[in-house]
Visitor: 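Sharing a structure below in structure tokens format, with a few things to ask.
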Amino acid sequence: MRAGLPEPVKHEPTLPGPVFAAHFHLPGEPTGPYTYGRDENPTWTRLERAVGELEAPGEDGVETLVFASGMAAISSVLFSQLRTGDTAVLPSDGYQALPLVREQLEAYGVRVRTAPTGGDAQLDVLDGARLLWIETPSNPGLDVCDIRRLVEAAHARGALVAVDNTLATPLGQRPLELGADFSVASGTKQLTGHGDLLLGYVCGRGGAPMAAVRRWRKIVGAIPGPMEAWLAHRSLATLQLRVDRQDATALAVAEALRDWPEELGVRHPGLPSDPSHAIAVRQMRRHGCVVSFTLPTRARAERFLGALRLVDDATSFGGVRSTAERRGRWGGDAVPKGFIRLSVGAEDPEDLVADVLRALKESAG
Ligand code: PLP
């Protein structure tokens, strides 16, 4: 609610407005903090402080950098930490742009191994790796891995660990507390929650690895605009409200789908019967707003999506307005044709569950 807000100053706003500046007055020696708009901006500084307070409350020495998008943040970690000849371990079932990143890493001579999120298979491919990338819960399969366990194994072999914390948000999971070197996320999703901006961030314990990420942001220039950064910070005031409401409704939707007479293979880490549940309750405080399930055919899935009234047929997730999509339409995920990823918003929970069940019934006919 108050994360990143400046100390109160009489007659000043609680959250100062966005600072639009390509350059700052800078007579004499060019010392910081604000020199040129690609390096630093006071609106980012407040947002970075806020995200850092959420990702690692009370911890000194944690540095946060905001980016133009989640992919800008992800690329900044991978491309700043890895050199030709290094080996990276990536998820085989993570966000669908990761294979594109893999191609680019390999073009630069980085060796890439992959492992699925669940089942600890990462342990078999860690030897000699420089960096382990995990995405937990994974998008769209919602598998979960034991961050602390993988961090211990990776650190014992001298590898850094980055965790994609997009789906959980820092209120759901704190990767740095579990030992990770970087917590990286798309702020486009539930962190900001209104589906009206793109943002990314990298959070890590200072030192050389974060200095390299900062340098990468400077040379690539993948920076957020001040307006986006300010909107994101404003949205953080409602993060807990949104996350509590959306995640509780997601569990109610998952239970309703589980109890539906057809077997839908519903996945949600908060469901006690879910394969992810045991690890999720150990390392997560909340279980996310995404539910996935599989309808028997592509046509049935399309009829279901068309019958929904409170849920937009749209990609992305985490927004206050529910969205759902047939994930297979993109071609990038190894999912069945009838696989649905449903992102639960902040609508009235009873209305939303009723809408989903009505659409299931109508689409069956
Ligand atoms: N990480 C995950 C888990 C995602 O789902 C996404 C986007 O869907 C991204 C990263 C990329 O974020 P952005 O679209 O903000 O670049």
Side-chain angles (χ1 to χ4, degrees), residues 47 51 55 64-79 90-102 104 114 116-118 133-145 147 161-170 172-173 175 180 182-203 213 216-217 220-225 228-229 231-232 235 246 250 267 269 276 280 284 287-292 312 314-319 323-335 339-344:
L47 175 62
V51 172
E55 281 279 351
T64 304
L65 295 165
V66 288
F67 285 83
S69 67
M71 283 315 299
I74 290 173
S75 297
S76 79
V77 172
L78 290 167
F79 289 98
L90 302 185
S92 55
D93 52 355
Y95 176 51
Q96 62 177 3
L98 286 181
L100 301 177
V101 178
R102 174 189 184 155
Q104 197 59 50
T114 60
T117 298
W133 188 276
I134 49 186
E135 183 181 301
T136 178
S138 60
N139 168 28
L142 303 179
D143 277 326
V144 158
C145 56
I147 298 177
V161 180
V163 177
D164 185 322
N165 206 26
T166 302
L167 206 141
T169 83
Q173 173 173 279
F182 303 101
S183 181
V184 185
S186 166
T188 313
K189 318 290 175 186
Q190 202 177 15
L191 185 85
T192 59
H194 292 72
D196 53 10
L197 61 88
L198 280 99
L199 188 88
Y201 68 83
V202 178
C203 214
V213 176
W216 188 263
R217 182 175 72 173
V220 172
I223 53 166
E228 280 77 7
L231 277 171
S235 302
Q246 290 177 246
R267 294 295 310 269
S276 294
M284 299 178 76
H287 299 129
C289 65
V290 181
V291 178
S292 69
D312 293 329
T315 194
S316 202
F317 59 86
T323 56
E325 69 172 335
R326 200 177 62 77
R327 194 61 189 163
R329 67 180 170 169
W330 297 99
D333 299 308
V335 292
F339 181 97
I340 303 281
R341 187 184 70 188
L342 170 61
S343 170
V344 173

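Residue numbers start at 1 and run along the sequence shown. Order of listing sets the numbers, starting from 1, for every ligand and every atom in it. The structure displayed is predicted, hence computed values, not measured ones.
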Visitor: What atoms of ligand 1 come within less than 4.0 Å of a heavy atom belonging to F317?
Guide: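 Reading through ligand 1 atom by atom, the close ones are 5 (O).
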Visitor: Counting only nitrogen or oxygen atoms and a 3.5 angstrom limit, does M71 reach ligand 1?
Guide: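 Yes, there is a polar N/O contact under 3.5 Å.
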Visitor: Are the side chain of S138 and the backbone of T117 linked by a donor-acceptor contact shorter than 3.5 Å?
Guide: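 A pair under 3.5 Å: no.
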Visitor: Look at atom 13 (P) of ligand 1 and say which protein heavy atom is nearest, naming residue and atom and giving the distance to 0.1 Å.
Guide: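 For this ligand atom, the closest protein heavy atom is G70 N, 3.4 Å.
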Visitor: Give a yes or no answer on whether the side chain of E55 reaches the backbone of T169 with a donor-acceptor pair at less than 3.5 Å.
Guide: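 Side chain of E55 to backbone of T169: no pair is present.
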Visitor: Any donor-acceptor pair under 3.5 Å linking the side chain of S276 with the backbone of L142?
Guide: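 Flag set: sc S276 to bb L142 pair under 3.5 Å.
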Visitor: Which atoms from ligand 1 have a heavy atom of E135 less than 4.0 Å away?
Guide: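 Near E135, meaning under 4.0 Å from one of its heavy atoms, ligand 1 has 3 (C).
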Visitor: Are R267 and D143 ion-paired here, with the side-chain N under 4.0 Å from a carboxylate O?
Guide: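 Salt bridge flag = yes for D143 with R267.
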Visitor: Would you compute the distance between atom CG of L47 and atom CG of L199 and round it to the nearest 0.5 angstrom?
Guide: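 Spacing of CG (L47) from CG (L199) equals 6.0 Å.
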Visitor: Show, in sequence, the C-alpha distance, side-chain angles and deciding distance for E135 and N165, and conclude whether the side chain to side chain donor-acceptor pair (under 3.5 Å) test is met.
Guide: CA-CA 7 Å; E135 183 181 301; N165 206 26; over 6 Å; no
Visitor: Within ligand 1, which atoms have a heavy atom of L199 less than 4.0 Å away?
Guide: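 Every atom of ligand 1 under 4.0 Å from some heavy atom of L199: 15 (O).
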Visitor: Considering only protein heavy atoms, which is closest to atom 15 (O) of ligand 1, and at what distance to one decimal place?
Guide: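 Looking at atom 15 (O) of ligand 1, the protein heavy atom closest to it is T188 OG1, 2.6 Å.
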Visitor: What protein heavy atom is closest to atom 11 (C) of ligand 1, reported as residue, atom name and distance in Å?
Guide: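 Atom 11 (C) of ligand 1 sits closest to the protein heavy atom Y95 CE2, 3.5 Å.
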Visitor: Does ligand 1 have any atom sitting under 4.0 Å from a heavy atom of K189?
Guide: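 K189 counts as a contact of ligand 1 under the 4.0 Å cut-off.
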Visitor: So, taking the atom named CD in Q190 and the one named OG in S343, what distance separates them when rounded to the nearest 0.5 Å?
Guide: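 Between Q190 CD and S343 OG, I get 7.5 Å after rounding to 0.5 Å.
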Visitor: At a non-hydrogen distance cut-off of under 4.0 Å, which region of L167 contacts ligand 1 (side chain, backbone, both, or neither)?
Guide: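 The answer is neither.
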Visitor: Please say whether D164 places an N or O atom under 3.5 Å from an N or O atom belonging to ligand 1.
Guide: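 Yes - when backbone and side-chain N and O of D164 are compared with those of ligand 1, one distance drops under 3.5 Å.
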Visitor: Considering only heavy atoms of N139, which atoms of ligand 1 have at least one such atom less than 4.0 Å away?
Guide: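 Within the 4.0 Å cut-off of N139, ligand 1 contributes 4 (C), 5 (O).
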Visitor: N/O of A72 under 3.5 Å from N/O of ligand 1, yes or no?
Guide: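 N/O-N/O distance under 3.5 Å: no.
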Visitor: Under a 3.5 Å distance rule, please check whether N139 uses its side chain to pair with a backbone N or O of G94 as donor and acceptor.
Guide: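 No, because the side chain of N139 does not come within donor-acceptor range (under 3.5 Å) of the backbone of G94.
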